[in-house]
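Chain A is the first sequence line, chain B the second, and so forth, proteins listed ahead of strands; every chain is numbered from 1. Just so you know, these numbers come straight off a predicted model, no measurement behind them.
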Amino acid sequence: MAEEKRFKRTLVTTALPYANGPVHIGHLAGVYVPADIYARYLRLKGEEVLLVGGSDEHGVPVTIRARKEGCTVQDVVDRYHNLIKKSFEDFGISFDVYSRTTSETHSKLASGFFKKLNDEGKFIQMESEQYYDEEAKEFLTDRNIRGECPRCHAADAYGDQCEKCGSTLSPDELINPYNAVTGNKLVKRRTNHWYLPLDQYQEWLERWILEEHKEWRSNVYGQCKSWLDSGLKPRAVTRDLNWGIPVPVEGAEGKVLYVWFDAPIGYISNTKELLPDTWEKWWKDPETRMLHFIGKDNIVFHCIVFPTMLKAHGEYNLPDNVPSNEFLNLEGDKISTSRNWAVWLHEYLEQIPDKQDVLRYVLTANAPETKDNDFTWKDYQARNNNELVAIYGNFVNRAIVLTHKYFEGKVPARHELTDGDRATLAEFAEVKKQVESLLDVFRFRDAQKEAMNLARIGNKYLADNEPWKLAKSDMKRVETIMNISLQIAANLAIVFEPFLPFSSAKLRMMLNIDKVEWSMLGNMDLLEDGHATRTPELLFEKIEDSVIEAQMQRLENIRKANDIDNYKPKAVLPDVDFETFEKIDIRVGKVLDCQKVPKADKLLMFKIDDGMGGRTIVSGIAKYYNPEDLIGKEVCFIANFPPRKLKGVESQGMILSAMDADGALKVVTPSAEVKPGSSVC
RNA sequence: GCCGAGUUAGCUCAGCUGGUUAGAGCGCAUGAUUCAUAAUCAUGAGGUCCCCAGUUCAAUCCUGGGACUCGGUACCA
């Protein structure tokens with residue numbers, strides 16, 4: 001491809017997993033397996049390539065976990081960094097370097113990066129009011145602030161989100177905000193922060209992405225366009241926090257680089273850590289092609305924010321492509337770390353040992369390349385048993401077993417070819433071309449399917465030629481047939497090398513060959529006459545129902561554990577005195593009318609008979625009710641909240657709802673009809 | 001609500017800039033075969049290409065409207 005020739009080498013980066021938990025199949029399917037396939041493919045072709053990864057260890061959640069567990073933050077990130085790193089090793093993700101953002105190199109480099117931008121006036125500084133803990137003497141990040149959710153009144157909503165009702169919040173909205181860690185009350189205090197003025201790069205980004213990178217995947221391109229169309233705003237790059245890389249400016253004590261600012265720089269520092277002397281050619285030489293493998297949650301950072309940082313810096317290359325995947329679901333439900341709805345990589349290998357290639361295969365075959373996809377254990381079993389075992393493993397086994405049966409395991413000579421032989425060989429060359437053209441445009445799912453076709457060709461070749469019959473009459477012909485079959489097997493070892501490295505190694509061992517190169521693919525003389533193969537072993541084994549059932553049972557148990565049965569009411573709030581309670585005027589009212597608020601997803605507008613002439617109340621429960629069903633019902637509401645406009649409608653109070661275990665809201669109704677306006681006491 | 005992506009055979013997905021009988025793998029049915037982990041090979045059945053309207057000689061592909069799924073974003077006193 002003409003495109004390829006512009007570049008001398010390729011730098012492949014993989015999204016940095018956050019060191020606050022183990023990695024699961026979603027991570028593997030979305031980022032690491034495709035990146036690994038691509039990197040292995042380029043290496044096999046003899047190209048210069050680097051696969052870079054590392055753990056993201058800054059940010060707030062790790063600090064919260066540390067305090068909760070009573071250990072240091074370093075303990076937390078050490079633990080998960082090592083676990084994640086080992087998982088990747090176990091699955092054969094061929095990182096040239098897998099480092100971490102707590103490394104010395106990273107700290108220096110990120111710091112220097114910031115300093116350069118700051119010195120050159122690339123940032124703007126702005127003051128804002130943030131919550132401050134006077135006792136602990138620290139500013140709080142959104143995530144570290146907790147308080148009562150203004151919507152559902154859960155006691156422990158985070159400053160950015162309430163996990164109970166799913167609302168996105170800002171810390172200012174929380175009722176009685178407190179420090180998540182110390183529990184102290186918070187006050188507002190002014191603070192100063194650095195911002196990256198993305199808006200100044202708007203035009204440049206529009207040209208660079210919308211015009212110069214039309215070839216990016218449609219989901220990536222579309223999301224970028226969506227962001228650009230709505231107009232970019234400056235984004236804070238610093239935070240008041242004590243965990244992270246200190247802001248390298250005098251007078252910025254107690255401030256660190258915002259985690260998303262330092263994390264992508266990790267790609268650079270990890271490269272530098274690996275190649276202290278030559279790292280720059282991977283980042284600054286325009287003949288280096290950079291690719292970011294990420295999940296769709298990361299598109300904005302990698303397509304807009306990080307490129308802007310690189311552009312502002314001025315010395316670095318920009319990504320040539322950002323092949324982002326969509327999400328992988330698990331048995332019909334979204335993968336969720338907090339709900340433990342996941343297949344964790346380290347657990348998988350404990351429970352189903354030595355089957356990393358099977359998972360790699362299934363995740364690639366069903367990769368969420370163009371849309372969200374579902375992983376099911378039934379599919380996993382079917383793909384293993386019907387494809388890996390029945391097609392690939394079986395063909396290899398047939399070829400080698402027959403060779404041992406007729407020729408003591410030695411590769412027989414090839415004689416005169418039939419038309420059928422030649423046709424088979426021609427198909428081969430086609431497979432190579434196909435796989436290449438698909439890999440070049442990151443279509444791993446189809447590329448792997450094409451590789452599997454080679455095994456199909458092998459099976460068909462054996463079925464068509466029936467060497468076991470000819471063995472009685474025409475041994476010379478059998479020699480040719482088995483030679484070709486073995487050459488196909490050897491080719492399989494090459495074509496599957498990027499996808500299934502462990503199996504390819506095993507196959508090479510059986511065939512008694514060592515190094516392979518991509519250029520050898522399609523070659524029919526990989527095995528010389530008389531070359532001795534080893535005793536055949538099974539390349540893949542069937543997966544029994546019991547294994548699958550155990551996994552499904554495991555998930556079923558988690559589902560149950562997450563279910564309403566095991567619902568625990570949340571902790572009771574601190575005491576309040578009776579007078580405080582008395583200040584809240586709760587009344588019963590009859591719903592006269594109820595309809596959706598236009599242009600709002602969650603809002604319902606109520607006309608309430610409150611016995612005092614009526615009032616309008618807006619409530620965020622549209623997801624849980626048909627408006628008509630509420631008409632005529634009596635509901636409880638707070639009568640003395642100051643009115644507030646919501647989407648243009650003035651809401652005079654708040655309707656009270658009970659929240660079920662799954663977060664669904666149910667309005668509170670008196671057990672028997674009462675006069676509208678009655679007080680609740 | 002707005003923005004983005006998607007909706008194609010029972011399942012998972014391909015279908016480039018519109019052009020004769022819409023494809024693949026799995027599953028299913030039938031047949032062949034026994035070297036092989038009851039694996040393989042061949043053949044076949046299966047589709048109102050989400051719905052409606054329009055542009056066109058011609059639309060799965062273009063335009064408009066609608067439905068649903070997933071994500072982002074705004075609203076949930």
Side-chain angles (χ1 to χ4, degrees), chain A residues 149-153 162 165-169 173 175 217-230 296-297 299-300 326-327 329 334 365-376 378-379 382-383 385-391 393-406 443 445-446 449-450 452-453 455-456 458-464 466-469 471 478 481-482 485 536 538-542 596-604 617-624 637-638 640-649 651-657 665:
Chain A
C149 173
R151 326 262 198 255
C152 71
H153 296 271
C162 172
C165 66
S167 314
T168 35
L169 302 173
E173 297 177 276
I175 301 165
R217 281 187 183 170
S218 57
N219 57 336
V220 177
Y221 186 90
Q223 210 181 111
C224 290
K225 188 167 184 328
S226 167
W227 271 73
L228 289 168
D229 286 350
S230 60
K296 72 169 159 184
D297 50 332
I299 289 175
V300 175
E326 300 282 303
F327 284 154
N329 293 327
K334 195 181 298 185
N366 199 18
E369 283 175 9
T370 52
K371 58 181 174 186
D372 290 359
N373 246 333
D374 200 23
F375 176 92
T376 67
K378 285 262 181 246
D379 180 62
R383 293 217 184 256
N385 292 358
N386 303 333
E387 297 178 30
L388 288 177
V389 173
I391 313 267
N394 184 38
F395 168 69
V396 168
N397 192 239
R398 297 169 86 184
I400 302 181
V401 164
L402 285 171
T403 302
H404 278 262
K405 193 164 174 174
Y406 301 136
R443 291 174 58 176
R445 170 210 288 269
D446 290 336
K449 199 186 264 183
E450 203 50 53
M452 189 55 90
N453 266 345
R456 291 180 204 277
N459 276 318
K460 182 169 164 49
Y461 181 73
L462 283 179
D464 288 349
E466 301 181 304
W468 49 90
K469 279 190 183 161
V478 174
I481 295 168
M482 292 320 300
S485 298
L538 295 182
L539 198 50
F540 300 98
E541 48 190 22
K542 290 203 125 194
K596 282 208 67 179
V597 175
K599 301 187 180 187
D601 264 3
K602 302 179 184 172
L603 301 182
L604 289 182
I617 299 181
V618 175
S619 183
I621 56 175
K623 267 161 77 179
Y624 311 105
F637 65 94
I638 295 176
N640 60 340
F641 268 172
R644 172 165 162 158
K645 272 209 167 183
L646 292 166
K647 285 281 164 188
V649 182
S651 180
Q652 301 155 319
M654 174 173 136
I655 288 177
L656 301 181
S657 293
L665 297 172

Can you tell me the distance, in whole Å, between the NZ atom of A:Lys460 and the P atom of B:A36? 21 Å
In the strands shown, is B:A58 matched to any nucleotide by a Watson-Crick or G-U wobble pair with both distances under 3.5 Å, and which? none
A:Ser619 vs A:Gln223, nearer the 5' end of RNA chain B by closest nucleotide: A:Gln223
With the side chain of A:Lys296 defined as its heavy atoms from C-beta on, choose the nearest nucleotide among B:U34, B:C70, B:C75. B:C70
Winner on side-chain proximity to A:Asp446, out of B:G25, B:A14, B:U34, is B:A14
Syn/anti label of B:G72 as read from its glycosidic torsion, with the cut at 90° from 0: anti
Interatomic distance at P, B:U17 relative to B:U7, whole Å: 15 Å
Using a distance-only test with no angle check, is there a side-chain donor-acceptor pair under 3.5 angstrom linking A:Asn459 and A:Arg398? yes
From B:U33, B:C41, B:G1, pick the nucleotide closest to the side chain of A:Lys469? B:U33
Does B:C16 have a Watson-Crick or wobble partner in any strand here, with both distances under 3.5 angstrom, and which is it? none
Could you tell me whether A:Asn366 contacts a base, only the sugar-phosphate backbone, or nothing, with contacts defined as non-hydrogen atoms closer than 4.0 Å? sugar-phosphate
How many Å lie between CE on A:Met482 and C1' on B:A36, as a whole number? 11 Å
What is the distance, to the nearest angstrom, from the CZ atom on A:Arg456 to the C1' atom on B:A39? 13 Å
Kindly say if A:Lys542 contacts the phosphate of B:A39, meaning a side-chain N or O under 4.0 Å from OP1 or OP2. yes
Taking A:Asn386 for the side chain and A:Ala382 for the main chain, is one N or O donor matched with an acceptor at less than 3.5 Å? yes
Considering only side-chain heavy atoms of A:Ile391, which listed nucleotide, B:C3, B:U40, B:U33, is closest? B:U40
Listed nucleotide nearest any side-chain atom of A:Leu646, set B:C75, B:C3, B:U33: B:C75
Remember a base hit wins even if backbone is also touched, and classify A:Lys405 as base, sugar-phosphate or nothing at under 4.0 Å, heavy atoms. sugar-phosphate
Rounded distance in Å between the C1' positions of B:U48 and B:G4: 29 Å
By the 4.0 Å heavy-atom rule, please label A:Ala382 as base, sugar-phosphate, or nothing. nothing
How close or far is atom P of B:U33 from atom CZ of A:Phe395, stated in whole angstroms? 22 Å
Has the side chain of A:Asn397 got a donor or acceptor atom that lies under 3.5 Å from a matching backbone atom of A:Leu539? no
Once you round it to whole Å, what is the distance between P of B:C2 and CG of A:Leu228? 21 Å
Heavy atoms only, 4.0 Å cut-off, all strands: where does A:Ala600 land among base, sugar-phosphate and nothing? base
Atom CG of A:Asn453 and atom C1' of B:C41: how far apart are they, to the nearest Å? 15 Å
Under a 3.5 Å limit on both distances, the Watson-Crick or wobble mate of B:C75 is none
Mind checking if A:Glu369 touches a base, just sugar-phosphate, or nothing, with heavy atoms under 4.0 Å? nothing
Hey, does A:Tyr221 reach any base, or is it just sugar-phosphate, or nothing, if we go heavy atoms under 4.0 Å? nothing
Minimum-distance nucleotide to A:Asn394 side chain [options: B:G25, B:C26, B:A39]: B:A39
Complementary nucleotide for B:A42 - Watson-Crick or wobble, under 3.5 Å: B:U30
Contact class for A:Ile481 vs. all strands (heavy atom < 4.0 Å): base, sugar-phosphate, or nothing? nothing
Can you tell me, in whole Å, how much space there is between the C1' of B:G27 and that of B:U12? 11 Å
Between A:Ala365 and A:Arg445, what is the shortest heavy-atom contact and its length? O-NH1, 3.2 Å
With rounding to the closest Å, how many angstrom separate the C1' atoms on B:C49 and B:G18? 14 Å
In whole angstrom, what separates A:Tyr624's OH from B:C76's C1'? 9 Å
Rounded to whole Å, CG of A:Asn397 lies from C1' of B:A39 at a distance of 9 Å
Is there a Watson-Crick or G-U wobble partner for B:G25 with both distances under 3.5 Å, and which nucleotide is it? B:C11
Among B:C35, B:C75, B:G72, the one nearest any side-chain atom of A:Trp227 is B:G72
Does A:Ser485 reach the main-chain N or O of A:Ile481 with its side chain, forming a donor-acceptor pair under 3.5 Å? yes
Look at the side chain of A:Glu387 and decide which nucleotide, out of B:C26, B:A74, B:U40, has an atom nearest to it. B:C26
Which whole number of Å gives the distance between the P atom of B:U8 and that of B:U73? 27 Å
Paired to B:U37 by Watson-Crick or G-U wobble criteria (both distances under 3.5 Å) is none
Answer with base, sugar-phosphate or nothing: what part of the nucleic acid does A:Val300 contact at a heavy-atom distance below 4.0 Å? nothing
Quick check: on RNA chain B, is the nucleotide nearest A:Glu541 upstream (toward 5') of the one nearest A:Phe327, or the reverse? Name the residue that is more 5'. A:Glu541
Using purine N1 to pyrimidine N3 plus N6-O4 or O6-N4 for Watson-Crick, or N1-O2 and O6-N3 for G-U wobble, each under 3.5 Å, what pairs with B:C50? B:G66
Of B:U37, B:C76, B:A36, the nucleotide closest to the side chain of A:Val401 is B:A36
Sticking with atom P, work out how far B:G66 lies from B:A58, rounded to a whole angstrom. 26 Å
Taking the C1' atom of each, how far is B:C16 from B:G1, in whole Å? 35 Å
What distance, rounded to whole Å, do you find between the two P atoms, one in B:G46 and one in B:G23? 13 Å
